[in-house]
Number of protein chains: 2
Amino acid sequence: MRFETSTIKDIAKALGLSTSTVSRALRDRYEISEETKKLVLAYAEKVNYRANPIARSLKERRSYSIGIIVSEIANNFFSQVINGIESIAYDRDYHVIISQSHESYKQEKLNVEHLASRSIDGLLIALSSETQDIDYLRSLYAKGLPIVFFDRVPKDFETHKVIANNFKGSFDATEHLILSGKRTIAHLTNSENLSITKERLEGYKAALVKYHIEFKPELVKYCQHGGMHSAELEQAVKELLPLNPDGIFISSDRLTTGCIMALKKTNPEVAHKIAIAGFTNSNLVELFNPSLTSVKQPAFEMGQVATELLISMIEAKRPITEFETKVLDTELVKMAKR
Amino acid sequence: MRFETSTIKDIAKALGLSTSTVSRALRDRYEISEETKKLVLAYAEKVNYRANPIARSLKERRSYSIGIIVSEIANNFFSQVINGIESIAYDRDYHVIISQSHESYKQEKLNVEHLASRSIDGLLIALSSETQDIDYLRSLYAKGLPIVFFDRVPKDFETHKVIANNFKGSFDATEHLILSGKRTIAHLTNSENLSITKERLEGYKAALVKYHIEFKPELVKYCQHGGMHSAELEQAVKELLPLNPDGIFISSDRLTTGCIMALKKTNPEVAHKIAIAGFTNSNLVELFNPSLTSVKQPAFEMGQVATELLISMIEAKRPITEFETKVLDTELVKMAKR
DNA sequence: TTGAAAGCGCTAACAG
DNA sequence: CTGTTAGCGCTTTCAA
């Protein structure tokens, strides 16, 4: 910081030592005599010495910080993931820099590149719903930036990934709707670009198959912008209703709340007649009306696992060749009886 | 970053210039010949030159980044403020670093000091509900760190502040309850430490006075942790109900949703009989059941205004002596008819 | 075990 | 208008 603070030089001068000795004492390096070390540490303590991380970064060419890209922090799923990330990162002395893509590819790329230029040591990213071209990530990765994907992951990118068991989560939710007697179950989902979209669609289909219900493509509606615009959702709802669904399975946090909102706004009379099940980590579901069955992702844990993997990559002595994709179980929270 | 990138030195060598000339061309400084400037810029473009912000920070003793402290990003009010902050900051070429205090004084102080040591150029902060001692902020401020407070501001701290018109927001909400025929209106609020707590209590009282309703201290419940723990809220609700309130006015986002949740959980039968009005920026209020009347703060705008003030402080040529406290109007969104 | 010296990438006097 | 030089605060050879 640019406010007067004691530097290593000051300490060295005050103690009649060289800056290198002070540095060594502070960093607990090499064989340095216990005596001088104690002396230095005591003095540093006394003057409330704070190392300048900027200088250290420049010298060491790393920053002890990790970058995070999510579409929106105002989304309980992502904010919980972030809390998980922080819980590990701070323990391991990493700082965390959060950026939002707002589901825009352009913004995502800009943010990633900004982070990279700010010397982040690694990147945790959930892709935006617009993102198709991840060459910019490949190129950073090739230059040595460790990257771990979570939630929305690309295929054909060899690195660690952490996802929820999307197939099972969707299967369970859809099955739950079927077991409550629903037969015409619509599926409202995200952009086809996203991994989660495909996996969740498969789970939905599998449940239909198990109960011998025909899959009808027209019952599936995609929202390219992940429900960022209410018009997008209202349009989807408008197209879906004439097909008389008795249930809807929705595949993401933002879409779930947005869809209920759109239903209530455009067709309040049917809103209560359609059973809703959807992915959401909102901590307010209990307040919702109409109520819904929710698929909760282990968001906090996802953040923790992803961060551990990332830090292991950052601190690895030799290049990593074995990558894992961790799959975490979701939880089905059934709708409260009315 | 530690990935091979061309530096100013590389460009200088390639073009047969000195690093300072290159730097000047890049920064568009001094009188430099159009010709060389073009040459440099073209080459920089070609090799996709990215300045190393770390090096620049070290040299210039500033980082072009501003720190933000909020209690929680998983709170629509704060996430909207952050979006407002970003909207201005990015335009002005500042980067933004977000930290959460989780309503803990200790965490808040730790985060601020970390940010300060990372060379932020300025700080935007909403105090945690635990915070009473702001000496650590005074000391940073005295050392030259520009600080702008928003939402939860200290008194006796001379700097720019941006707040909502808490008095009027509370007055309006309370008056609305009274005009709907409520006479025993409880007030659930945050820690007494917070500025917003005091201001909102005053608005509540003033509305009571206007309609000749006696103020009863026992109807006011404080939550020291701002509703971070559900037990805290359930306890408050439990103490309030025996007093038979027919309305509750709640003074913050987290408390509003938490209180409804607690009511529903502990006393579902009365939850619908009590009229609720509360501060909240949740974009899901329309889904809530029971529904409520909400006081919305101009969160996005608050972020924008605070950022503009902060940047003006950062870039001020001479020390600032005149400070302003901007007060923004809230909006009362009345409960939907049932 | 300690110190001297170089250098991370950049900016900014100062000279020319 | 351009180059030389020093230095931001820190780490790290290399030599003593």
Side-chain angles (χ1 to χ4, degrees), chain A residues 1-41 43-44 47-65 93 116-121 144, chain B residues 1-41 43-44 47-65 93 116-121 144:
Chain A
M1 59 188 208
R2 71 181 177 308
F3 324 116
E4 72 277 4
T5 323
S6 31
T7 70
I8 268 190
K9 213 175 182 176
D10 299 331
I11 299 184
K13 201 180 298 173
L15 261 38
L17 294 168
S18 74
T19 59
S20 38
T21 305
V22 175
S23 171
R24 281 192 280 254
L26 257 15
R27 326 236 63 236
D28 204 3
R29 277 312 201 81
Y30 290 55
E31 274 66 63
I32 185 171
S33 81
E34 272 304 316
E35 224 173 336
T36 18
K37 187 155 85 189
K38 263 190 210 145
L39 188 71
V40 171
L41 290 179
Y43 187 80
V47 298
N48 192 28
Y49 169 78
R50 296 271 169 264
N52 180 330
I54 301 272
R56 191 143 98 99
S57 289
L58 182 60
K59 180 65 190 174
E60 293 189 39
R61 331 192 81 198
R62 59 172 302 192
S63 61
Y64 298 92
S65 66
D93 279 328
S117 85
R118 285 217 80 85
S119 245
I120 52 167
D121 296 342
Chain B
M1 58 189 206
R2 71 181 176 308
F3 322 118
E4 72 275 6
T5 323
S6 32
T7 70
I8 268 190
K9 214 177 184 175
D10 299 331
I11 300 184
K13 201 180 298 172
L15 262 36
L17 294 167
S18 75
T19 60
S20 41
T21 305
V22 175
S23 171
R24 281 191 282 254
L26 258 15
R27 326 232 61 238
D28 203 3
R29 277 313 201 81
Y30 291 56
E31 276 66 61
I32 185 171
S33 81
E34 271 305 315
E35 223 174 337
T36 15
K37 189 156 84 190
K38 263 191 211 142
L39 188 71
V40 171
L41 291 179
Y43 187 80
V47 299
N48 192 28
Y49 169 79
R50 295 271 168 265
N52 179 332
I54 302 271
R56 191 142 99 100
S57 288
L58 182 61
K59 179 66 189 176
E60 293 190 42
R61 334 195 74 199
R62 57 172 303 192
S63 62
Y64 298 92
S65 65
D93 279 329
S117 85
R118 286 216 78 86
S119 244
I120 51 167
D121 296 341

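Every chain is numbered from 1 and lettered A, B, ... according to where its sequence line falls, protein lines coming before strand lines.
Rounding to whole angstrom units, CZ of residue B/Arg27 and C1' of D/dC1 are separated by 19 Å. Rounded to whole angstrom, the span from the CZ atom of B/Arg24 across to the C1' atom of C/dA12 amounts to 8 Å. Atom CG in B/Asn52 sits roughly 10 Å away from atom P in C/dT11 (whole-Å rounding). Atom NZ in B/Lys59 sits about 13 Å away from atom P in C/dC10, given to the nearest Å. Atom-to-atom, CG of A/Leu26 to C1' of C/dT2 comes out at 16 Å; the value is rounded to the nearest Å. In this entry the distance linking CZ of B/Arg56 with C1' of D/dG9 reads 18 Å, nearest Å. In this structure, CD of B/Glu60 is placed 16 Å from C1' of D/dA6, rounded to the nearest angstrom. If you take CD1 of A/Ile54 and P of C/dC8, they are 18 Å apart, rounded to a whole angstrom.
Within the structure, a side-chain polar atom (N or O) of A/Ser23 is placed less than 4.0 Å from OP1 or OP2 of D/dT11. Note on B/Tyr49: every side-chain N or O is 4.0 Å or more away from OP1 and OP2 of C/dG9.
Side-chain atoms of A/Asn52 and B/Leu58, non-hydrogen and from C-beta on, do get closer than 4.5 Å to each other. Counting only heavy atoms from C-beta outward, the side chains of B/Thr36 and B/Leu17 approach each other to under 4.5 Å. With contacts defined as side-chain heavy-atom distances shorter than 4.5 Å, the pair B/Leu15/B/Val22 does not qualify.
Across all strands, B/Thr36 comes closer than 4.0 Å only to sugar-phosphate atoms, never to a base (heavy-atom distances).
Shortest non-hydrogen contact noted between B/Tyr49 and B/Ser6 is CD1-O, 3.2 Å. Scanning both residues, A/Ile11 and A/Tyr43, for their nearest heavy atoms gives CG2-CD2, 3.7 Å. Taking all atoms of both residues into account, the shortest heavy-atom contact from A/Lys9 to A/Thr19 is CA-CG2, 4.0 Å.
The side chain of B/Ile32 lies closest to D/dT2 when the candidates are D/dC10, D/dT2, C/dC10.
Comparing B/Thr21 and B/Leu58, the nucleotide of DNA chain C nearest to each residue sits closer to the 5' end for B/Leu58.
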Side chain to side chain contact (heavy atoms under 4.5 Å, CB included) evaluation trace for B/Leu26 with B/Ile8: CA-CA 9 Å; B/Leu26 258 15; B/Ile8 268 190; 4.0 Å; yes
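Residues of residues 7-20 of chain A having a heavy atom closer than 4.0 Å to DNA chain D, listed by number: A/Thr7, A/Ile8, A/Lys9, A/Ser20.
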